[in-house]
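Every number for a ligand or one of its atoms is a count from 1 in the order of the listing. One is the number of the first residue; the rest follow in order along the sequence. All values reported here derive from a predicted model rather than from experimental measurement.
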Amino acid sequence: MFVSRPVTIGSRASIRLTRTAFRSIATAPSFPFSRPRGAEPPAEYAKLRETDPVSKVKLWDGSQAWLVVKHKDICSVLTDQRLSKQRNRPGFPELDPGGKEAAKRKPTFVDMDPPEHMQQRSMVEPLFTRDQIDAMRPHIQKTVDTLLADMIKGGGKTAVDIVEKLALPTASYIIYGILGVPFADLEYLTQQAAIRSNGSATATAASMANQELLNYIGKLVDQRVAEPKSDLISKLVVEQLNPGHIQRDDAIQMAFLMLVAGNATMVNMINLGIVTLFENPSQLADLKKDPSLAPQFVEELCRFHTASAMATRRVAKVDIELGGKTIKAGEGIIAATQSGNRDADIFPNPDTFDMYRKRGAESALGYGYGEHRCVAEWLARAELEIVFSTLFQRLPDLKLAVPLDQIKYSDPSKDVGITELPVTW
Ligand code: HEM
């Protein structure tokens, strides 16, 4: 709530300015908005798309930022070189105290601007090209098959949590394998990463798990310095660390970024995909009959649910005009990709899940847009396609063990996700 404080006013102009500023603080709604139920996007987005597509919101620390909700404006924000992704710039919109602390650390490419951003991103990007990921598909398929076989061995009459048995280990084992984590450590690291990010651990436990992961990667970097192999950490060591292009801590932070950046999102997209199919039984029946529909199911899934919607934030380096508003240098901008994915100008009947939807030239924004677009998009798509072309073939009688309205979703003001999903078959 806005509390008025006494102010010293020097001139008529400053009276006007001060009143305007006060009015905007008093009326700017608090952000993040809450989802009304389940995985549904906040209702405020639809309203703002109609009435005020570039508007101000109030953040947790009382500061303000611009919220951009239309697809075309979001694309323009995410490609505008006059905006910065450097979190240590004053005015960068942080969404919680943890973010403000994280912003003080040495950045990796996710928080860099050109030219440094591409210089660092290109150190890992070659391992995530479409061709590279296509070559990995048999390995991803084998991982999913093995995890499903282990889950099936456990029975099926009593409920098992498919998050723990399939979604979490699929997402984790694949990226850890790319990094070069030995197979024997996969389970342990997966547990630590889950404690770090699942929100149900205490702050101390989460921070200990974070440190544990960093220490682990530090040791792995040292091992690869002594004896390089053919994994991502070895690539960083041989091509960047040894010739002196980066420091040891950069190699650790970059490997850590790849380990954590998409992990929770990946897990949540698998979970959301399973629930979406149960919510749309005729499309589930079609997918069971024809698993080659998986890519178009995944395409629509990544439009309908935006499980990483808070990363697309920027701060203005100079004054810019957007949607008839002036965004001043030093003001923060939140590009609401979750809203852009439901913009009826681009996606007719946006709130209907339809894997047969005709696609235009504009893409959905689930993986971002522009230079910071997800570096691992092809990997994420391949994992989702393989999970959804396999799961219901192996388990055609898979059912949720709880009613749809009792599914445990993430905190309604955080990125959409599902924490637990009991199933039987
Ligand atoms: C379905 C799963 C995924 C979704 C929906 C997703 C979504 C996103 C989004 C929206 C961004 C853009 C952020 C921005 O503009 O600031 C992004 C960037 C990024 N993602 Fe993903 N991601 C997924 C999976 C992954 C995976 C599996 C990894 C790691 C292996 C990963 C690593 C990254 C990295 C490192 C960036 C930063 C790219 C840059 O700044 O240049 N993501 N992702």
**OP:** Any atoms of ligand 1 less than 4.0 Å from a non-hydrogen atom of G366? List them with their elements.
**Re:** 5 (C), 7 (C), 10 (C)
**OP:** For M269, take its heavy atoms, then give the atoms of ligand 1 lying under 4.0 Å from any of them.
**Re:** 1 (C)
Original post:
H372 vs H117 aromatic rings, parallel, tilted or perpendicular, using cut-offs 30° and 60°?
Top reply: tilted
Subject >> Under 3.5 Å: donor-acceptor pair, side chain of R121, backbone of E371 >> reply: yes
**OP:** For atom 29 (C) of ligand 1, find the nearest protein heavy atom and state the residue, atom name and distance (0.1 Å precision).
**Re:** M258 O, 3.5 Å
Original post:
Can you check ring pair (Phe, Tyr, Trp, His ring centres under 6.0 Å) on F297 and F353, steps first, answer last?
Top reply: CA-CA 9 Å; F297 167 72; F353 185 93; 5.6 Å; yes
**OP:** Determine whether any heavy atom of R314 lies closer than 4.0 Å to an atom of ligand 1.
**Re:** yes
Subject >> Side-chain donor or acceptor of D343 paired with backbone N/O of H71 under 3.5 Å >> reply: yes
Original post:
Just distances here: any N/O of Y369 and N/O of ligand 1 closer than 3.5 Å?
Top reply: no
Original post:
Residues in side chain to side chain donor-acceptor pair (under 3.5 Å) with K72, at least two apart?
Top reply: none
Original post:
Of all the atoms in ligand 1, which lie at a distance below 4.0 Å from a heavy atom belonging to I175?
Top reply: 30 (C)
Original post:
With sequence neighbours excluded, what pairs up with Q393 under the side chain to side chain donor-acceptor pair (under 3.5 Å) test?
Top reply: none
Original post:
With atoms numbered from 1 as shown, which atoms in ligand 1 lie under 4.0 angstrom from a non-hydrogen atom of T312?
Top reply: 14 (C), 15 (O)
Subject >> Distance under 6.0 Å and angle within 45° of ring axis: R303 vs F347 >> reply: yes
Subject >> Shortest non-hydrogen contact between D351 and F304, atoms and distance >> reply: O-CE1, 3.5 Å
Original post:
Looking at K85, which atoms of ligand 1 are within less than 4.0 Å of one of its heavy atoms?
Top reply: 14 (C), 16 (O)
Original post:
Can you name the side chain to side chain donor-acceptor pair (under 3.5 Å) partners of E227, sequence neighbours left out?
Top reply: none
Original post:
Among the heavy atoms of A307, does any lie under 4.0 Å from an atom of ligand 1?
Top reply: no
**OP:** For L236 and A255, work out which heavy atoms get closest and say how close.
**Re:** CD1-N, 4.5 Å
Original post:
So which heavy atom on R394 is nearest to which on L148, and how close?
Top reply: CG-CD1, 4.0 Å
Original post:
What residue and atom, counting heavy atoms only, is the protein's closest point to atom 37 (C) of ligand 1, and at what distance?
Top reply: V110 CG2, 3.6 Å
Original post:
So which heavy atom on A193 is nearest to which on L213, and how close?
Top reply: CA-CD1, 3.9 Å
Original post:
Is any protein N, O or S atom closer than 2.8 Å to atom 21 (Fe) of ligand 1, and if so, which?
Top reply: C374 SG
Original post:
Would you say H372 has any N or O atom under 3.5 Å from an N or O of ligand 1, going by distance alone?
Top reply: yes
Subject >> Contacting atoms of ligand 1, where contact means under 4.0 angstrom from a heavy atom of H117 >> reply: 39 (C), 40 (O), 41 (O)
